[in-house]
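Starting from 1, each residue takes its place in the sequence as its number. None of these values were measured; they are calculated from a predicted model.
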Amino acid sequence: MNLFKLSVVAAAVIGLSACSLDGDDGQDGANGVDGADGVSSLVVQTQLAVGDANCPNSGVQIDSGLDSDGDGALSSSEISSTSYVCVPPASSVDSSELLTSLNNDWFVEAAAEVEANKTVWLEATGALSTNSLNSNNVVVTSKADLERTVTSLRGQAKNIILFIGDGMGISTVTAARILDGQMKGLDGEENKLSFDQFPFAGLSKTYNVDAQTPDSAGTMTAMMSGLKTDVGVIGVDEDIVRGDCSTVAGNELVTALELAEIAGKSTGVIATARITHATPAATYAKSADRNWEDISDMPAEAVEAGCKDIADQLVNFEANLEARYDGLDVDGIEVVMGGGRRHFLPKDASFNSPDAVSAVEGDRTDGRDLTAEWAAMYTSGTYVFDQAGFDAIDTETTSKVFGLFNESHMQYEADRANDVAGEPSLSEMTEKAIQVLDNNNDGFFLVVESGRIDHGHHAGSAYNALTDTIEFANAVAAADAMTSDDDTLIIVTADHSHVFTIAGYPKRGNPILGKVVNVGSDEPATAADDLPYTTLGYTNGLGFRNLGDETDADATYALAESTGRQDLTDVDTTASGYHQEALVPLGSETHAGEDVGIYAKGPGAWLVNGTNEQSVIFHVMDYAGDIINQAEQAME
C-alpha cells in the first residue's frame, strides 16, 4: 500500500518576477528620445496549504501589480489582481484512502515513528554478541535475517487486546504496585503488577492537538485511529469544530475496531465507565462532542442537522459502518459491556430496569428503547443488566452480548458489593468477553477500559483509584493467562495521567496510604506547620475528607471544597473513606500532562520502546495484526 500520496501544482514561476521597460516621450513624431524608466510590474506566487479558504485542496495564489514605490516588493496596496490555481478535489476514492488517513500529518508521522522503532530494534538486536535471537519462533543469525524477520512478523497477531487504565499515570502505577504488595503482606515496593512483567515498555506523549493537558476523547481517538485530534471530540480529526454538527461530515476517522470488524474478526468493548463515555465511545462513534451520549444531551440544531447521539451509534454500529462503504457486509460488535443504561432507555419510569436507583432511570427524550432495538436486531444475542444474567451467559452458544450493569458508571471495585443487583468485576467481564470472542477462527479485537481509576482521582480518593488499578491489573493477568504470546498482542497503557503525587521521604514498607514516617523513625514526620502529612496527595481538587469506611469516592461531591492544611494526627489516612489533601481547591481534581507508560507483549510488542506520540499505538496494532491490509482485501 502506498503510504504517501502527494498533490503537486505545476507553476511556471515560483517567487518573484519583474519587468522594467525603457520609455519614449514620442514628442518628435518619430522614434523620439529616451524618457525616464517606467514602473516595474511584479508577480508573486504563494503556495497554499491544504485547508486554505480559497483552495481547500491546496494550490497557488498569484498576485500581480505595479511596484509603485520602487522597493522591489509587492505590498498589499500595490496588488491589482489576484487569481488562484487550485488542486481539484478528488472525484474518486480507493479503498486504501477510505481505510486510512494518508493525507494527515499525524498519521504519516506516527507511521514513520513505527518504522524508526523497527530500526532501533534491528540495531539493538543486530549488535548482540551472541549473534542469535529467537523472536516468535524465528531464529535470527544475521542482520539480513533480522530484516527479513521484521517483514515476516507483520500480521502475526491473530488477536489484539488493548487495555486502557483511564487516568493511570506513572505515579498511579507505582502506588498501586506498592498497595497491592502491602495487601499481600509484603513491604510493597518489590511487588510487580501483572503488566510490570511485560517484556517491552515505552512512554506515550498524551497532549491533544489543541491542549497541553488532554482529555479522554482526544487521547483515545489517537490510539484508535493513528492520529491526534482536539479535546472533546470523538472519532474525527482536528478539522472538526467542537459542538458543530456540520463539521463532522468528511472528517470521520476509521478506528482499529472498525478495521478488525471489516477484516472479519470478532470485536468487543468493555468499560467500567458508561459505555457511551469518551474512551469506549472512541472505538465506534463519530461525534462533534463527547457529551452527546444520548439525544437529550444534544442541541436541537445538531439533531435537526442529522447528527446521531453516541448510544444510537453504538446500537446501529453495523448499519452505520456498512453505509460508509459500498458492498460491505459486517456482523457488528460481538461483546459490549459497561455502564450507562440511562442513555439507552426512554425518560419514562415504565422502562426502568429492576435494579433502577433513580425514580426515572432513562434519559432519552425521543421515546426509543435502544436495548429493545438491539435485541430485535440480534435475536440470538443476549442482553443482561445484572450479575445473575451475566453468570448465565453461555459463551459457546451466545453470538452477541450486550451488558449494561448500571444507570451511570459501574461501581468502584471497592464498592461493587453494594450494587443493588450485583455486577461483574472488570476481570470477570474480560474473561467472559474472551470466551465469546475466541469462537472466531479469524481472531478478535478487544478494548478493555478501567474507567473508574480516573473517577477515583477526580474525586481525590487515592484508595478508590488504586484499588481499581489493582483490579485492572487482575484483568490483564486474566487475559494473559487465556491467550498465547504466539498469536495475541496485549498492550496496556493509559489515556492520560492525574495531578497525583508520591511525596516526602517515607521509609521502606511505610503504608502507601499512610502518613510519612521517615527512615529510622516510628512517628509521623511533620511539616513546617508542625502537622503530619501523607505520602500521597493531589495538586488540586476537593481536598480532605474523613469519611471512615465509605467505599464510594463520589460521596465527596456532596460536600464543599476543603481548603488549607488539616491536622491529621488522629485521622486514619489508610481508611477507604479518606481523601487526600489538595493544594488548589477545585470542584474536581484535574488531569495532568506528563507522559504515561505503554506495556506490551506478543507479536509486534517489540515496537514499543522509547518515547512515542500516542497515535503510534494504532500503528503498532496495525503492524501486529495487519488489520488495514486485511480490511482492504475484504473489501475487494
Side-chain angles (χ1 to χ4, degrees), residues 1 95 99 135-138 149 151-163 224 254-270 283-284 317-319 321-322 325 327-337 374 377-382 390 393-403 427-448 475-491 600-605 618 620-636:
M1 182 175 63
S95 61
L99 296 176
S135 177
N136 199 41
N137 300 322
V138 178
T149 297
T151 301
S152 68
L153 290 180
R154 182 177 186 89
Q156 292 295 306
K158 175 182 174 182
N159 312 310
I160 299 171
I161 308 176
L162 176 62
F163 281 93
M224 288 305 299
V254 182
T255 69
L257 182 140
E258 290 170 325
L259 290 167
E261 184 73 22
I262 295 170
K265 295 181 182 295
S266 291
T267 55
V269 186
I270 297 171
T283 66
Y284 60 82
F317 170 83
E318 179 180 343
L321 185 57
E322 289 176 345
Y325 308 114
L328 181 64
D329 183 20
V330 296
D331 59 3
I333 304 173
E334 276 72 20
V335 177
V336 176
M337 289 189 283
W374 182 91
M377 278 189 282
Y378 302 111
T379 55
S380 62
T382 302
F390 174 86
I393 295 171
D394 185 338
T395 60
E396 299 309 305
T397 60
T398 300
S399 61
K400 284 184 169 52
V401 176
F402 189 20
S427 54
E428 289 173 336
M429 289 193 292
T430 300
E431 290 173 350
K432 188 81 73 173
I434 293 174
Q435 288 167 348
V436 172
L437 296 174
D438 67 6
N439 293 325
N440 186 344
N441 291 330
D442 292 327
F444 63 83
F445 181 91
L446 174 63
V447 173
V448 181
V476 174
D480 190 21
M482 296 176 70
T483 57
S484 168
D485 289 355
D486 290 338
D487 66 2
T488 302
L489 170 67
I490 300 179
I491 295 179
K601 69 178 309 191
F618 167 89
V620 173
M621 294 189 296
D622 174 49
Y623 172 85
D626 201 24
I627 52 178
I628 291 177
N629 184 52
Q630 289 184 18
E632 288 177 358
Q633 291 178 356
M635 291 177 62
E636 291 177 354

Task: Rounded distance (nearest 0.5 Å) linking atom OG of Ser266 with atom CG of Asn441 - done: 9.5 Å

Task: For the student: nearest non-hydrogen atoms of Ala157 and Pro603, plus distance - done: N-CB, 3.9 Å

Open item on the list: Let me confirm one number: the OG1-CG distance from Thr483 to Asp438, rounded to the nearest 0.5 Å.
Closed with: 10.0 Å

- [ ] Search all heavy atoms of Leu489 against all heavy atoms of Met621 and return the closest pair with its distance.
- [x] CD2-CA, 4.1 Å

Open item on the list: When you compare the side chain of Phe444 with that of Val335, does any pair of heavy atoms fall below 4.5 Å?
Closed with: no

TODO: Measure the CD-CG distance between Gln633 and Asp626 for me, rounded to the nearest 0.5 Å.
DONE: 7.5 Å

TODO: State, to 0.1 Å, how close Ala263 and Ala634 come at their nearest heavy-atom pair, and which atoms those are.
DONE: CA-CB, 4.5 Å

- [ ] Locate the shortest heavy-atom distance separating Gly381 from Ser399; write the atom from each residue and the value.
- [x] N-OG, 4.1 Å

Open item on the list: Can you give me the closest heavy-atom contact between Ile161 and Ala479, atom names plus distance?
Closed with: CD1-CB, 4.0 Å

Open item on the list: I need the minimum non-hydrogen distance between Ile333 and Thr267, along with the two atoms involved.
Closed with: CA-OG1, 3.3 Å

Open item on the list: As a quick check of understanding, evaluate side-chain contact (heavy atoms from CB on, under 4.5 Å) for Glu334 and Glu261, giving each step before the final call.
Closed with: CA-CA 10 Å; Glu334 276 72 20; Glu261 184 73 22; 4.1 Å; yes

Open item on the list: Using 0.5 Å steps for rounding, measure from the CG atom of Leu321 to the CG atom of Asp331.
Closed with: 10.5 Å

Task: Within-4.5 Å side-chain heavy-atom neighbours: Asp622 and Arg154 - done: yes

TODO: Would you confirm whether Lys400, through its side chain, and Val336, through its main-chain N or O, come within 3.5 Å as a donor-acceptor pair?
DONE: no

Open item on the list: Hydrogens and angles aside, do Glu318 and Tyr378 bring a side-chain donor and acceptor to less than 3.5 Å of each other?
Closed with: yes

